[in-house]
Each structure stands twice: as C-alpha cells, then as structure tokens.
Amino acid sequence: LDEDDKNATENEVLVKYGKRQPIPGEKLTRAERNKQRRKRGMEVVRRGKLRKTVVAAELRKAPLYISELEEEEKNAKDRRDVHEQYVKDRLQQEPVPVLSSGKAAIHEPQVEVALPSDLTGSMRTMKPHGGIALERFRSLHTRNMIEVPDPDAFKR
C-alpha cells in the first residue's frame, strides 16, 4: 500500500483494487458487473464438477449397495421361511384350548411331564412351561367363578 492508500477510506481502497462489496442501490461499473458475471459462471462450473464427482462416487459404490440389498433380501426371506415353518409346526400340534361358556368346551392340551430320571440340575434352574394367566383363567372357569361370553355375541 502506498501513501495515498493510507489517507483514503477503506471503501476507496477496496474500489481501487477491485475487491469492494457493492452497496445496495449503488450502480456498479461495467468492469465490476463483468467480474461478478465471470464469478457466477465459475461458481456454476464448480458446482457442476462437484455434482459430477458426487454422482461418480455414488456409481462406484453401486456394487456395495447392491450386495447390501441382496443380503437384506436374503435375511428377510430367511425370517419369512422360519416364520412359515413355525406356523406350519404350530398347526400340526394339538389344537389350542377353546374357552367358552360351557365346561365341556374346554379342551386341555396334553401336558408333557418330565420323569424324575430325565431331570438334571435343581428345581431352581428349571424353566416353567405354560402361562400363569391362562391357568388361573381355566381354574376360575372350571369352578364357575367367571363366565366366558359366547364368541358369536361379538360378531353382531
């Protein structure tokens, strides 16, 4: 910077070196307008190049995405097969007890009982089978302490 620049205002110095920011409402010189136009054009070109590189990177990752999708589809198919097998096994087992208002309608499933010779470990480590709520419900129903409504009554 020379001696004239020291005495000039900051905006005047920026104007002299072509780096000033336009003040709103002020008319720009032709050189400043051309410079802004070139700058916008370069920005458009830069964004276009950036967009191309992003697309190229995504295309390079395509095999990875395809393998991930195939793996997810395979896992979903495996889960579906396991569920279908579970449903098929469940249907082959004895029917689930039907609870209705009459005592004769309760069909108890056959309970598998382990013999003492088959048991290993202590009673504390054994896992219970069956549901406590269903057992309690059956008990109250067989003693006529609760009445189960007819399922046809809900269809109306």
**Study point:** Atom pair CZ/CZ of R38 and R40 - distance to nearest 0.5 Å
**Key:** 11.0 Å
**Study point:** Those residues that, when tested against R47, pass side chain to side chain donor-acceptor pair (under 3.5 Å) (two or more places apart)
**Key:** E43
Revision key, fill the gap. Hits for side chain to side chain donor-acceptor pair (under 3.5 Å) against R37, two or more places apart or cross-chain, chain-then-number order -> N34
Check your understanding: By side chain to side chain contact (heavy atoms under 4.5 Å, CB included), which residues pair with M42, not counting sequence neighbours?
Key -> none
Exercise for review: Mind checking the CZ-OG1 spacing from R51 to T53? Nearest 0.5 Å is all I need.
Suggested key: 10.0 Å
Practice item. Quick one: which residue pairs count as a side-chain hydrogen bond (donor to acceptor under 3.5 Å, both in side chains) with a foot in residues 60-73, not counting sequence neighbours? Key: E58-Y65
Side chains of residues 77-86: which donor-acceptor partners sit under 3.5 Å, not counting sequence neighbours?
| residue | atom | partner | partner atom | Å |
| --- | --- | --- | --- | --- |
| K77 | NZ | D81 | OD2 | 3.2 |
| Q85 | NE2 | D89 | OD1 | 3.0 |
| Y86 | OH | R90 | NH1 | 3.0 |

Practice item. Using modelled atom types only, decide if a donor and an acceptor are shared between the side chain of E32 and the backbone of T29 within a distance under 3.5 Å. Key: yes
